[in-house]
Every structure is written in C-alpha cells, then in structure tokens.
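Here's the structure, in structure tokens; my notes come after.
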Amino acid sequence: MDAFNVYTSRFLEVIDSLKISDYQVWNNLESLSKGTMSKIRCGRVGVSMNVLYEFCNKYNVNANYILTGEGEMLKSEPASSDSESKTNKTSTPYQIETKNINIDLHGEQIDSKKTIEVLIKVIETYQTRMDDLLNVVEVLKNENADLKEQLQKQKAS
C-alpha cells in the first residue's frame, strides 16, 4: 500500500536537502522510531503530524512549507527563547503552565497557538483533498453511467 502524500514527500525532501541521515532524524526525535522512519522512506506509511511538529521545531523547518508547499523551507530565524523566559520551567516532566498557554514536555516548549495553527492548516488541506476526491468520484460515476449506457446500446443493436 502506498501511503505517500505531499507532506511525506516534502518531509523527505527537507531531510535530503538538509543533508541529514534518516538515522539522525529518528535518533533525534522522540516521536519517531527507526522502524517508522524506514516505513516512511519506503512509502508504506505517511509521516504523522506529531513527527512533523517535532521535526520542524528540532531542525528549524517551516511547517507551512511541508504542509502547503508555500514559503521558505527553513524558518527565517530560530525560534525565540522569549516563551522560555516567560515560563517558570521546572524539572518535572509534563508540567502544564496554563497562564502562558505553554506546555513543558521533558524540557521542550510547545506553543499551543502554533500547534492549533498547524492543525487548522492540516484540516484545511485534508478538506481540500476530500473535495478533490469527491469530485473525482462524481466524474467516475458519470463515466460509469455513460459506459453502461453505451454498452446497453451496443447490446440492443
């Protein structure tokens, strides 16, 4: 089964462009295993949004580029440490600091606004793909009806 999609293609394109190995990627991302990276590279599975999110943050990649193909491949400037200075970090994993809407997961800062923006883009993209697929289904139904009609005419004559 071919699980390749545009996100997966661009994900692999960015890895190749950055000249980093699959080993480096799966070794540096907690959300990616060696087996899953191999399956992504072989086209058996698509890259998950969790992996994309972590990958973009780790390698300073523009998530919009991977999701839509628009914009620069890399972020223009590294993520600011501004959110880090606003949040009281502790050594406790999975601490949620609600007043700034930042989440500290094992020392990695996740900005919920950015996460929501990425998810909205993913949903919009999937909606567009669904609309395209529904249009293809409609065209195929029409072609099927036309072929059935032609077949019946041939049988009648």
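All values below were derived from every heavy atom in this structure, side-chain atoms included, with hydrogens, water molecules and symmetry-related copies excluded. Only a predicted model underlies this, so the values are computations on that prediction, with no experimental measurement involved. Residue indices begin at 1 and follow the sequence shown.
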Mind checking the [atom1]-[atom2] spacing from [X] to [Y]? Nearest 0.5 Å is all I need.
X	Y	atom1	atom2	value
Glu72	Tyr65	CD	OH	9.5 Å
Ser38	Leu32	OG	CG	10.5 Å
Ser48	Phe11	OG	CZ	8.5 Å
Ser157	Gln152	OG	CD	12.0 Å
Glu143	Gln150	CD	CD	10.5 Å
Lys34	Lys39	NZ	NZ	13.0 Å

Spell out, as yes or no, whether a donor-acceptor pair under 3.5 Å connects the side chain of [X] to the backbone of [Y].
X	Y	result
Arg10	Ile66	yes
Thr68	Asn64	yes
Glu54	Glu30	yes
Ser9	Asn5	yes
Asn62	Leu74	no

For Tyr59, check side chain to side chain donor-acceptor pair (under 3.5 Å) against everything at least two apart and list the hits.
Asn28
Do [X] and [Y] have side-chain heavy atoms sitting under 4.5 Å apart?
X	Y	result
Leu140	Asn144	no
Val122	Met49	yes
Ile15	Phe55	yes

Give every donor-acceptor pair under 3.5 Å between a side-chain atom in residues 130-139 and any protein atom, sequence neighbours left out.
| unit_1 | atom_1 | unit_2 | atom_2 | d |
| --- | --- | --- | --- | --- |
| Asp131 | OD1 | Gln127 | NE2 | 3.0 |
| Asn135 | ND2 | Asp131 | O | 3.4 |

Contacts of Glu149 that satisfy salt bridge (charged side-chain N to carboxylate O under 4.0 Å, His left out) - sequence neighbours left out:
Lys153
Nearest heavy-atom neighbours spanning [X] and [Y]:
X	Y	answer
Ala63	Cys56	CA-SG, 3.7 Å
Val61	Lys75	O-CE, 3.3 Å
Thr8	Val45	CG2-O, 4.4 Å

May I ask you to decide whether Asp16 forms a salt bridge with Arg41, counting only side-chain N to carboxylate O separations under 4.0 Å?
yes
Taking the six-membered ring for Trp and the full ring for Phe, Tyr or His, determine whether the centres of Tyr126 and Tyr7 are under 6.0 Å apart.
yes
Shared hydrophobic cluster for Ile40 and Tyr23 (ILVMFWY, side-chain gaps under 4.5 Å):
yes
